[in-house]
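Some notes on the structure that comes next.
Chain letters run A, B, ... following the sequence lines, proteins first and then strands; every chain starts at 1.
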Protein chains: 2
Amino acid sequence: MRIGQLAQLVGVETQTIRFYEQQGLLPPPDRQDNGYRVYTEKHGEGLAFIRRCRILGLSLAEIHELQSYQDDPHQPCTAVNALLDDHISHVRSQITALQALEKQLVSLRASCNDDREVEACGVLAGISEGNMHQL
Amino acid sequence: MRIGQLAQLVGVETQTIRFYEQQGLLPPPDRQDNGYRVYTEKHGEGLAFIRRCRILGLSLAEIHELQSYQDDPHQPCTAVNALLDDHISHVRSQITALQALEKQLVSLRASCNDDREVEACGVLAGISEGNMHQL
DNA sequence: TTTAAACTATAAAGCTACTATAAGGTCAAT
DNA sequence: ATTGACCTTATAGTAGCTTTATAGTTTAAA
């Protein structure tokens, strides 16, 4: 299987596959005489694993860490669970921050309507006056 | 006022100030004979505006757009409001996506406990098996 | 007065996770 | 013979800074 087929199968671009190889997330495949990469099913699974991790929001470094655990299957999986717990709390704090932000933006938006000139715009005034407790 | 004082006043790093200048978000200040930048209160207000926009999650391009409206104060402020509305809906879709992600992560986490070996880890199995409807 | 700390300057590289572009080699079909 | 689809490497671009390198300037202490 060549790189284009693998890319289509998993739904990524060929450059992304080369990029993962370069980053050490995918093992370097064998090459044909002409230099073309030849992939096996194993590579497909590895790539799918990476993609699923990315969909879950894990960083390449975290994926690398997970792979290192997979390479040593008789350890306890405490570290895997801890990694996920950390990620969950990271996601939760992002949600909380964004919800606070949304509230702020909505209240800022409520301070203006479309019938004003920029000079009297409540939104711009709200940002400029700095009645935001963060600053 | 020199760059260090301005930085401390607004709570950013000096490099960030130079970066904003380079990006055209802060007007180039006058220089002393030795080449040091000299800032006025105006610059302080401009920088504070930028920082508040950043805290609200606006991109540098969006900030630039807002500044262009400020430079032309007798337009209607429709565009300002539209920019904010777009940003609010962007933030809302981020929240929605993260909430869906959190749900997925929590259910994945529930499939394991700390008393297993990596080989039998429910989390790794869950990612590997690909019973995630995205892929 | 010298010297060291603290400040300033510019330019360039590093960060994340790709994506895009350039310039070229390979292969099957026409 | 040439077109088109595929492959190769290397390099640059994205966002918003941060870091590093190198060097000149000011200020305070010894």
Side-chain angles (χ1 to χ4, degrees), chain A residues 1-26 28-39 43 46-67 86-87 90-91 94 97 101 134-135, chain B residues 1-26 28-39 43 46-67 86-87 90-91 94 97 101 134-135:
Chain A
M1 186 188 232
R2 295 193 312 200
I3 197 169
Q5 294 172 264
L6 178 61
Q8 198 174 12
L9 193 69
V10 182
V12 300
E13 308 240 3
T14 55
Q15 301 104 306
T16 305
I17 297 175
R18 293 193 197 98
F19 172 74
Y20 288 153
E21 179 185 337
Q22 190 198 325
Q23 299 297 306
L25 290 167
L26 270 180
D30 287 342
R31 301 284 185 128
Q32 289 177 350
D33 291 348
N34 54 18
Y36 288 13
R37 290 170 176 81
V38 187
Y39 291 100
H43 288 99
L47 182 54
F49 181 82
I50 295 171
R51 284 275 90 189
R52 288 191 210 102
C53 287
R54 293 293 299 130
I55 287 166
L56 293 174
L58 298 174
S59 70
L60 299 192
E62 289 168 324
I63 296 171
H64 206 79
E65 200 180 326
L66 287 182
Q67 289 178 334
D86 283 355
H87 188 55
H90 180 233
V91 169
Q94 270 185 267
L101 180 57
Q134 287 94 333
L135 194 65
Chain B
M1 184 189 236
R2 296 194 313 196
I3 197 168
Q5 293 172 265
L6 178 61
Q8 197 174 15
L9 192 69
V10 182
V12 301
E13 308 241 1
T14 56
Q15 302 101 307
T16 305
I17 296 175
R18 293 192 198 99
F19 173 74
Y20 288 153
E21 179 185 338
Q22 190 199 326
Q23 299 298 304
L25 291 168
L26 269 181
D30 287 343
R31 302 284 187 130
Q32 290 177 350
D33 291 349
N34 54 17
Y36 287 13
R37 290 169 176 81
V38 187
Y39 292 99
H43 288 100
L47 181 55
F49 181 82
I50 296 170
R51 283 275 91 190
R52 288 191 210 103
C53 287
R54 293 293 298 131
I55 287 167
L56 293 173
L58 298 175
S59 70
L60 299 191
E62 288 169 326
I63 296 172
H64 206 80
E65 201 181 326
L66 288 183
Q67 289 177 332
D86 283 355
H87 188 56
H90 180 232
V91 168
Q94 271 185 268
L101 179 57
Q134 287 95 332
L135 194 65

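- Distance CD (B/Q8) to P (C/dT8): 10 Å, rounded to an integer number of Å.
- The side chain of B/L60 lies closest to D/dC17 when the candidates are C/dC18, D/dC17, C/dT19.
- A/H43 contributes atom NE2, which lies 8.0 Å from atom CD of A/E21 (distance to the nearest 0.5 angstrom).
- Ring pair B/H87/B/H90 is tilted by interplanar angle, where 30° to 60° counts as tilted.
- The phosphate of C/dC27 (OP1 or OP2) has a side-chain N or O of A/N34 nearer than 4.0 angstrom.
- Of the two residues contacting DNA chain C, namely B/Y39 and A/S59, the nearest-nucleotide position lying further toward the 5' end is that of B/Y39.
- Here C/dT16 presents its C1' atom at 12 Å from CD of A/E62, a figure rounded to the nearest Å.
- Applying the 3.5 Å distance criterion, the base of C/dG25 shares a donor-acceptor pair with the side chain of A/Y36.
- Note: CZ (A/F19) to C1' (C/dC15) measures 11 Å, nearest angstrom.
- Considering only side-chain N and O atoms, A/R31 lies under 4.0 angstrom from the phosphate OP1 or OP2 of D/dT9.
- Close to D/dC7, at under 4.0 Å from its OP1 or OP2, lies no side-chain N or O of A/T14.
- Distances shorter than 4.0 Å separate none of the side-chain N or O atoms of A/Y20 from OP1 or OP2 on C/dA17.
- Regarding A/E21, its CD atom lies at a distance of 18 Å from the P atom of C/dA17, rounded to whole Å.
- A/R54 and A/Y20 form no side-chain donor-acceptor contact under 3.5 Å, judged by distance and modelled atom types alone.
- Both A/I50 and B/G35 lie close to DNA chain C; mapped to their nearest nucleotides by heavy-atom distance, the more 5′-ward contact belongs to B/G35.
- For the pair B/Q22 CD and C/dA11 P, the computed distance is 9 Å after rounding to whole Å.
- For the OP1/OP2 pair of C/dT26 and a distance below 4.0 Å, the side-chain nitrogens and oxygens of A/R37 include no atom meeting the criterion.
- When the side-chain nitrogen and oxygen atoms of B/T16 are compared with OP1 and OP2 of D/dG16, none of them lie within a distance under 4.0 Å.
- Under 4.0 angstrom from either OP1 or OP2 of D/dC17 there lies at least one side-chain N or O belonging to B/R54.
- The distance from atom CG of A/D33 to atom C1' of C/dC27 is 14 Å, rounded to the nearest whole Å.
- In this structure, the side chain of A/E13 does not engage the main chain of A/A7 through any donor-acceptor pair within 3.5 Å.
- Per the geometry, CD belonging to A/Q32 stands 12 Å off C1' belonging to D/dT8, to the nearest Å.
- The separation between B/I17 atom CD1 and C/dT8 atom C1' is 12 Å, rounded to whole Å.
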Set out, in order, the CA-CA distance, both residues' side-chain angles and the distance that settles side chain to side chain contact (heavy atoms under 4.5 Å, CB included) for B/I3 and B/Y36, then state yes or no.
CA-CA 8 Å; B/I3 197 168; B/Y36 287 13; over 6 Å; no
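- Residues A/Q15 and A/R2 each lie close to DNA chain D; by heavy-atom proximity, the contact nearer the 5' end of the strand is made by A/R2.
- Phosphate contact (OP1/OP2 of D/dG16, side-chain N/O of B/R18, threshold under 4.0 Å): absent.
- A donor-acceptor pair under 3.5 Å is formed between the side chain of B/E62 and the backbone N or O of B/S59.
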